[in-house]
Amino acid sequence: MTIRPLIAGNWKMNGTAASLDEAKQLAAALAESPAACDVALCPPATLLAQMAWVLKGSAILIGAQDCHGKDSGAYTGDIAAPMLADAGASLVILGHSERRTYHGETDAEVAAKVEAALWAGLKPIICVGETLEQRQADQTLQVLTSQIAGSVPASLADAAFAVAYEPCWAIGTGLTPTLDQIAQAHAAIRAALPGQGGAVAPILYGGSVKPDNAGEILKIAQVGGALVGGASLKASDFLGIILAL
Ligand code: 13P
């Protein structure tokens with residue numbers, strides 16, 4: 001049983017058409033030095049179609065950062081999974097802690113979005129992670145197990161998906177858990193995932209991954225790649241992480 005690692009860049013709410021140059025540079029660099037894993041860029045929805053055009057024929061996959069749980073309807077401002085697929089996405093990040101925190105997304109809503117993504121043919125990257133208070137209260141593994149139970153629908157037992165372990169306190173802070181803490185969290189997540197899909201889903205680590213710490217994090221046996229925020233905005237930094245694998 002082999003798990004194909006995935007390194008995905010989450011641009012969050014950053015980027016305009018000018019930023020597509022970074023995507024082009026990354027594609028050119030990876031054409032010269034191919035990655036030992038799948039590589040994805042997840043730009044804001046406004047750039048999906050243009051990025052799909054610019055990266056046509058390259059090895060870089062394109063992901064969205066969220067989708068609605070329904071296929072269409074009167075939901076002003078929201079974007080449905082089939083629309084993202086139509087714009088060129090093949091992946092979608094779901095349940096990111098910034099969505100859970102700033103938009104109050106619950107596990108049940110994340111699970112509904114996961115189902116919607118699957119129906120549209122998108123591979124979900126489902127995010128889980130504890131807050132600093134939860135870590136300090138020694139609740140990390142319990143929180144992760146409960147988020148997996150609530151956000152990963154049973155239908156994923158036979159599907160292709162990825163999970164990202166992103167401790168909230170490590171996102172954008174320059175702080176990272178110890179290598180042991182990452183290994184423990186990933187083992188707990190693996191044990192909680194359903195079926196064959198869960199056995200082969202790459203479990204990414206996310207939270208302050210940079211070119212200089214990527215090597216040691218990606219070497220942890222249970223880590224199947226990375227979900228990278230800030231350092232994915234510059235092609236040279238993101239390339240340094242990808243080539244650290
Ligand atoms: P940073 O890499 O900027 O810490 O962000 C991590 C993240 O939230 C990726 O989804």
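Ligands are counted one by one from 1 in listed order, and the atoms in each one are counted from 1 as well. Quick note: numbers below take in every heavy atom, side chains included, and nothing from hydrogens, waters or symmetry partners.
Of all the atoms in ligand 1, the ones that sit under 4.0 Å from a non-hydrogen atom of L227 are 9 (C), 10 (O). Near S208, the atoms of ligand 1 lying under 4.0 angstrom from a non-hydrogen atom of the residue are 1 (P), 2 (O), 4 (O). Ligand-side atoms of ligand 1 in range of N10: 9 (C), 10 (O), range being under 4.0 angstrom from any heavy atom. When each atom of ligand 1 is checked for a heavy atom of H96 under 4.0 Å away, the hits are 7 (C), 8 (O), 9 (C), 10 (O).
Here L175 is tied into one hydrophobic group with L132, W169, each link being a pair of ILVMFWY side chains closer than 4.5 Å.
Of the protein's heavy atoms, K12 NZ, 3.3 Å lies nearest to atom 5 (O) of ligand 1. Nearest protein heavy-atom neighbour of atom 7 (C) of ligand 1: E166 OE2, 3.1 Å. Counting protein heavy atoms only, atom 2 (O) of ligand 1 is closest to G229 N, 2.9 Å. Counting only heavy atoms of the protein, atom 3 (O) of ligand 1 lies nearest to G230 N, 2.8 Å.
Residue I62 forms a side chain to side chain contact (heavy atoms under 4.5 Å, CB included) with just one option from V54, L41, L47, L55, and that option is L55.
By the 4.5 Å heavy-atom criterion applied to side chains, F161 and L118 are not counted as neighbours.
For K210, the side chain to side chain donor-acceptor pair (under 3.5 Å) criterion is met by no residue, not counting sequence neighbours.
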